Amino acid sequence: MNILLYLFILLIGAFIGSKDFLKPKLLNRIGSIQTLSLLFLLFIMGVKIGLDKEIIFSLATIGLHSIILAVASIVFSILGVKLVSSKILREKVKVGDDI
Amino acid sequence: MTYKILTAVVAGILTGFFIYPDYLVQYIGLLIDLGLCLLLFFVGIDIGRQKDILLKVKVMGFKILLVPIMIGLGSIVGAIFGGIVIELPINEAAAVGAGFGWYSLSAIELSKHSAELGTLAFTTNVTREVIALITIPIIAKYIGKLESIAPAGATAMDTTLPIISRSTDGSVAIISFITGVVLSSLVPVLVPLMMKLTF
């Protein structure tokens with residue numbers, strides 16, 4: 001699907017980022033371009049949700065059920081990652097020490 | 001950042017609902033794809049600038065896969081508990097939870113069983129994505145960087161990746177992408193599988 005395209009774009013970005021020909025001034029500007037395009041993308045994603053009248057009206061009836069299911073999934077996911085995160089990040093600290 | 005994200009999403013929903021002209025509807029998918037590609041390019045630049053990232057990720061190795069596994073388990077178990085509260089059969093609740101925020105696919109799959117369940121899968125997973133967009137910066141700041149990938153689920157490789165990348169660092173961004181890829185590949189398998197479960 002799109003996975004390969006995303007990976008390809010990330011790799012191109014990573015290659016350009018790893019070469020030092022981007023000047024700090026340009027990089028600062030990229031930060032604000034990034035924020036702006038992120039907010040624009042989120043706005044458009046919102047438009048897509050809002051356009052679908054069916055979703056909006058079904059949210060009015062089953063919205064509470066959806067929120068309960070979504071929040072429960074999110075909370076348990078966070079707890080799950082919390083159980084293992086120290087295990088994964090501890091290794092990271094070791095790497096930092098070695099360097 | 002959270003306020004800006006919330007404002008952008010809500011303003012978008014209101015615009016779409018009240019004023020977005022019908023003739024522009026066909027371009028919306030293209031706009032989202034272009035915006036996403038541009039942002040992923042920037043995420044790539046951030047990753048490339050931190051030189052020791054690949055080494056860090058290499059040392060963490062297969063342990064990284066614990067992140068999608070725990071998010072997958074947590075999403076399904078959480079949905080089952082939520083399902084008990086709203087009196088939804090366990091297998092249906094588990095299937096909705098196994099959408100991991102990928103609303104289009106989980107909704108199509110579950111509407112084969114009933115239109116109602118398809119709609120519930122759709123709204124639940126849209127809700128999950130919106131909550132993820134808003135809470136990721138807060139979770140990254142107060143709970144932990146890896147934990148901020150949790151609400152994103154399958155979207156950790158695309159729509160929520162730019163936010164995770166901005167709120168954390170390059171190595172978490174890589175873990176996030178891997179997590180999103182693993183969870184997205186599991187959605188088409190797990191959603192029908194959960195429906196088959198009998199408790």
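Just the heavy atoms: all of them, side chains too, but no hydrogens, waters or symmetry mates, feed the values below. By convention in this document, chain letters (A, B, ...) are assigned in the order of the sequence lines, proteins followed by strands, and residues within each chain are numbered from 1. What you are looking at is a predicted structure, and each value in this text was computed from that prediction instead of being measured.
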> Most heavy-atom pairs under 4.5 angstrom with chain A, which of B/Asp33, B/Val130, B/Val43, B/Asp158?
Replying inline: B/Asp158

> B/Val126 versus chain A, heavy atoms under 4.5 Å apart: side chain, backbone, both or neither?
Replying inline: side chain

>> So for A/Leu7, is it side chain, backbone, both, or neither that comes closer than 4.5 Å to the heavy atoms of chain B?
In response: both

>> Please give me the minimum heavy-atom distance between B/Ala150 and A/Val81, naming the atom from each residue.
In response: CB-CG2, 4.0 Å

> Which residue out of B/Val96, B/Thr123, B/Ile71, B/Val85 racks up the most heavy-atom pairs below 4.5 Å with chain A?
Replying inline: B/Thr123

>> For B/Leu73, which atoms come within 4.5 Å of any heavy atom of chain A: side chain, backbone, both, or neither?
In response: neither

>> Does any part of the side chain of B/Leu31, heavy atoms only, come nearer than 4.5 Å to the side chain of A/Phe40, both counted from C-beta?
In response: yes

> Looking at A/Leu42 and B/Ala8, what are the two nearest heavy atoms and their distance?
Replying inline: CB-CB, 4.1 Å

>> If we define contacts as heavy-atom pairs under 4.5 Å, which of A/Ile49, A/Leu38, A/Ile12, A/Ile68 has the most with chain B?
In response: A/Leu38

> Non-hydrogen atoms of chain A under 4.5 Å away: do they reach the side chain of B/Asp46, the backbone, both or neither?
Replying inline: side chain

> Quick one: what part of A/Val84 sits under 4.5 Å from any heavy atom of chain B, side chain, backbone, both or neither?
Replying inline: side chain

> With a 4.5 angstrom heavy-atom cut-off, which part of A/Leu51 approaches chain B: side chain, backbone, both or neither?
Replying inline: both

> Got a sec: does the CD of B/Gln26 have more than 12 other heavy atoms crowding it under 6.0 Å?
Replying inline: yes

>> Using the rule given for side-chain contact (heavy atoms from CB on, under 4.5 Å), can you reason through B/Phe42 versus A/Ile33, listing the C-alpha separation, both sets of side-chain angles and the distance that settles it, and then say yes or no?
In response: CA-CA 9 Å; B/Phe42 290 137; A/Ile33 298 172; 3.8 Å; yes

> How long is the gap from CE on A/Met45 to OG1 on B/Thr155, to the nearest 0.5 Å?
Replying inline: 8.0 Å

>> Below 30° counts as parallel, above 60° as perpendicular, anything between as tilted: where do the rings of B/Phe81 and A/Phe76 land?
In response: parallel

> In Å, rounded to the nearest 0.5 Å, how long is the span from CD1 of B/Ile131 to CD1 of A/Ile67?
Replying inline: 6.5 Å

> Hey, are B/Arg166 and A/Thr35 close enough side-chain-wise for a donor-acceptor pair under 3.5 Å?
Replying inline: yes

> With only heavy atoms counted, which part of B/Leu133 is less than 4.5 Å from chain A, the side chain, the backbone, both or neither?
Replying inline: side chain

>> Within this structure, what is the OG-CG distance for the pair A/Ser37 and B/Leu34, rounded to the nearest 0.5 Å?
In response: 11.5 Å

>> Please give me the minimum heavy-atom distance between B/Met60 and A/Ile88, naming the atom from each residue.
In response: SD-CG2, 3.4 Å

> Looking at CD1 of B/Ile47 and CG of A/Leu11, how far apart are the two atoms once the value is rounded to the nearest 0.5 Å?
Replying inline: 9.0 Å

> Which pair of heavy atoms, one from A/Gln34 and one from B/Leu39, lies closest together, and at what distance?
Replying inline: O-CD2, 3.5 Å

> Can you say whether B/Glu129 sits under 4.5 Å from chain A via the side chain, the backbone, both, or neither, judging by heavy atoms?
Replying inline: side chain

> So which heavy atom on A/Ser77 is nearest to which on B/Arg128, and how close?
Replying inline: OG-NH2, 3.5 Å

>> Quick check on the hydrophobic clustering: are B/Ile45 and A/Leu5 connected, directly or via other members, by side-chain heavy-atom contacts under 4.5 Å?
In response: yes

> Can you say whether B/Val10 sits under 4.5 Å from chain A via the side chain, the backbone, both, or neither, judging by heavy atoms?
Replying inline: neither

> Going only through I, L, V, M, F, W and Y residues with side-chain contacts under 4.5 Å, is there a path from B/Val182 to A/Ile74?
Replying inline: no

>> Strictly distance-based, threshold 3.5 Å: is any side-chain N or O of A/Ser73 a donor or acceptor partner for the main-chain N or O of B/Ser75?
In response: yes

> Between B/Leu120, B/Asn125, B/Thr159, B/Val181, which has the largest tally of heavy atom pairs under 4.5 Å with chain A?
Replying inline: B/Leu120

> Can you say whether A/Tyr6 sits under 4.5 Å from chain B via the side chain, the backbone, both, or neither, judging by heavy atoms?
Replying inline: both

>> Under 4.5 Å from any heavy atom of chain A, what part of B/Phe122 do you find: side chain, backbone, both or neither?
In response: side chain

>> Test your reading of the model: is there a side-chain donor-acceptor pair from A/Lys53 to the backbone of B/Phe17, 3.5 Å cut-off?
In response: yes

>> Under 4.5 Å from any heavy atom of chain B, what part of A/Leu79 do you find: side chain, backbone, both or neither?
In response: neither

>> Please determine whether residues A/Val71 and B/Trp102 belong to a single hydrophobic cluster, defined as Ile, Leu, Val, Met, Phe, Trp and Tyr linked transitively by side-chain heavy-atom distances below 4.5 Å.
In response: no

> Hey, quick one: are B/Leu38 and A/Val47 part of the same hydrophobic cluster, counting side-chain heavy atoms closer than 4.5 Å, chains of contacts allowed?
Replying inline: yes

> Rounded to the nearest 0.5 Å, how far does CG of A/Leu69 lie from OG1 of B/Thr127?
Replying inline: 9.0 Å

>> So, taking the atom named NZ in A/Lys19 and the one named CZ in B/Arg49, what distance separates them when rounded to the nearest 0.5 Å?
In response: 15.5 Å

> Looking at B/Ser185, B/Pro151, B/Gly97, B/Gly44, which one has more heavy-atom pairs under 4.5 Å with chain A than the rest?
Replying inline: B/Gly44

>> Below 4.5 Å, heavy-atom pairs only: which of B/Leu36, B/Ile32, B/Leu66 has the largest tally toward chain A?
In response: B/Ile32

> Are B/Ile64 and A/Ile78 co-members of a hydrophobic cluster defined by side-chain heavy atoms under 4.5 Å apart?
Replying inline: no

>> Please classify the contact of B/Ile139 with chain A as side chain, backbone, both or neither, using a heavy-atom distance under 4.5 Å.
In response: side chain

> Contact part of B/Phe100 toward chain A, heavy-atom cut-off under 4.5 Å: side chain, backbone, both or neither?
Replying inline: neither

> Which pair of non-hydrogen atoms, one from B/Ile28 and one from A/Ile44, has the smallest distance, and what is that distance?
Replying inline: CG1-CG2, 3.7 Å

